[in-house]
Number of protein chains: 2
Amino acid sequence: MGKCGQRYTQSRKEIVSAIAKYAQPVGIADLLNVLKELPQSSLYRNLTVLQEAGVVTRVMSSQDGGLYELAERLTGHHHHLVCSVCGDVRDVVVPDALEHDLDAALLRLAKREGFSLDHHRLDLIGRCAKCS
Amino acid sequence: MGKCGQRYTQSRKEIVSAIAKYAQPVGIADLLNVLKELPQSSLYRNLTVLQEAGVVTRVMSSQDGGLYELAERLTGHHHHLVCSVCGDVRDVVVPDALEHDLDAALLRLAKREGFSLDHHRLDLIGRCAKCS
DNA sequence: TTGCTTGCAAATGATTTGCACTGCT
DNA sequence: AGCAGTGCAAATCATTTGCAAGCAA
């Protein structure tokens, strides 16, 4: 991992690969369930470290308890389908053309507001197939 | 308000007008600070009711503690500039043309995924003028 | 008078932290 | 040796809830 003194320990590897196994953001409970021997305090601590290291990202869900996923630089840029009924979150990729137009427009907008844009976050809210 | 048996009580009016006074999403702490005589349990309870009544919306912030704002049907559709340094959230309106294209594209996308789209949420992440 | 509201205090649940200990390097 | 990582239990913070009393329709 590197820069500072963080080590890429066994636990951290396991956490990352556990998250990687899912095709969508994972909650703490699920992770604990998979990594049975890992105490939750360690999970939390490691997730924080991994976040700072830019390896994982925390996704805000309306449901309590945050969800975690691999950082975009590992998975590619994507957005989320958020089911407002069951709280399920799934990844989607929007067409490049749209993404491009969006970026251009948002950059212009941000500039006008004196805001230095880093990236954007786009969620589609609605009902998943199950909850329709 | 109406449909069910919810009443538009004094406290609720005060909460709504307190939120309305801000030009941006407000945190619980700020609200309590303005509505000094209101116990926080009542604040929480009333915010929940107001949310269900479609009057206020809860905005997820990376910082702990949610932020609240008036529902879009009262303020108009808008998005957020989120400062990743100080956590400040400010409203922005994006050009109609873009909004329109976005909606069209997202609707198509959602349909393809078997997801029934209700609305979208778009945040611009970066640094506000102060934190640049 | 029936049912929604309120306050208060206590309960919850998610996340964080202190501390002593283990393990890399 | 010296710093980073770990477990556990206790602490913290935001939010929720039970209950008895107040108020509006």
Side-chain angles (χ1 to χ4, degrees), chain A residues 1-19 25-69 82 84 86-89, chain B residues 1-19 22 25-69 82 86-89:
Chain A
M1 198 160 305
K3 50 178 112 180
C4 308
Q6 295 123 125
R7 294 169 193 160
Y8 195 31
T9 61
Q10 190 56 28
S11 309
R12 290 176 189 173
K13 281 177 195 165
E14 284 168 2
I15 292 173
V16 170
S17 78
I19 295 178
V26 208
I28 296 289
D30 294 309
L31 284 175
L32 282 175
N33 205 33
V34 174
L35 306 165
K36 295 196 199 286
E37 344 75 59
L38 186 70
Q40 55 162 211
S41 67
S42 297
L43 212 211
Y44 277 112
R45 259 194 286 235
N46 285 323
L47 283 173
T48 303
V49 172
L50 291 169
Q51 239 182 125
E52 285 163 357
V55 180
V56 307
T57 305
R58 183 177 187 171
V59 177
M60 286 297 173
S61 69
S62 40
Q63 322 271 130
D64 295 57
L67 302 178
Y68 291 83
E69 65 179 1
V82 181
S84 53
C86 67
D88 190 62
V89 178
Chain B
M1 197 161 302
K3 50 177 117 179
C4 309
Q6 294 123 128
R7 294 166 195 162
Y8 195 32
T9 61
Q10 190 56 29
S11 310
R12 290 174 189 173
K13 282 178 196 165
E14 285 166 2
I15 292 173
V16 169
S17 78
I19 295 178
Y22 288 77
V26 207
I28 296 289
D30 294 309
L31 285 174
L32 282 174
N33 206 32
V34 175
L35 306 166
K36 296 198 199 284
E37 345 75 59
L38 187 70
Q40 55 162 215
S41 66
S42 297
L43 212 210
Y44 277 112
R45 258 194 288 233
N46 284 323
L47 282 173
T48 303
V49 171
L50 290 169
Q51 240 184 123
E52 285 164 356
V55 180
V56 308
T57 305
R58 183 176 190 172
V59 177
M60 286 298 175
S61 68
S62 39
Q63 323 271 130
D64 295 57
L67 302 178
Y68 291 83
E69 67 179 1
V82 181
C86 67
D88 190 62
V89 178

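All chains are named by letter (A, B, ...) in the order of the sequence lines, taking the proteins before the strands, and each is independently numbered beginning at 1.
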Exercise for review: Would you check if the side chain of A/Arg12 reaches a backbone N or O of A/Arg7 as a donor-acceptor pair within less than 3.5 Å?
Suggested key: yes

Practice item. Would you please test B/Leu50 and B/Tyr68 for side-chain contact (heavy atoms from CB on, under 4.5 Å) and show each step? Key: CA-CA 11 Å; B/Leu50 290 169; B/Tyr68 291 83; over 6 Å; no

Practice item. State, to 0.1 Å, how close B/Glu69 and B/Pro25 come at their nearest heavy-atom pair, and which atoms those are. Key: OE1-CG, 3.5 Å

**Study point:** B/Leu47 CG to D/dA14 C1', straight-line distance once rounded to whole Å
**Key:** 13 Å

**Study point:** Nucleotide C/dG7, atom C1' - distance to CG of B/Leu43 in whole Å
**Key:** 13 Å

**Study point:** Protein-nucleotide distance (B/Gln51, atom CD; D/dT15, atom P), rounded to Å
**Key:** 11 Å

Exercise for review: Could you check how far NZ of B/Lys13 sits from C1' of C/dT5, rounded to whole Å?
Suggested key: 14 Å

Check your understanding: Are A/Leu47 and A/Ile28 close enough that some pair of their side-chain heavy atoms sits under 4.5 Å apart?
Key -> yes

Exercise for review: Can you tell me the distance, in whole Å, between the CG atom of A/Leu32 and the P atom of C/dG13?
Suggested key: 16 Å

Point to revise | Note, A/Val56 side chain near A/Ile15 side chain (heavy atom, < 4.5 Å) | key: no

Study note, to complete from the structure: Which of D/dT6, C/dG7, D/dG7 is nearest the side chain of B/Ser42? It is C/dG7

Check your understanding: Could you give the CD-to-C1' distance, from B/Gln6 to C/dT2, as a whole number of Å?
Key -> 17 Å

Review point. Rounded to the Å, how far apart are B/Glu14 CD and C/dT5 P?
Key: 15 Å

Check your understanding: What distance do B/Glu37 atom CD and B/Leu32 atom CG have between them, rounded to the nearest 0.5 Å?
Key -> 10.5 Å

Exercise for review: Sugar-phosphate atoms are those with a prime plus P, OP1 and OP2; base atoms are the rest. Using that split, label each nucleotide of nucleotides 16-25 of chain C B, S or - for protein heavy atoms under 4.0 Å, 5' to 3'.
Suggested key: BBB----BB-

Exercise for review: Starting from C1' on D/dT6, measure out to CD1 on A/Ile15 and report it in whole angstrom.
Suggested key: 11 Å

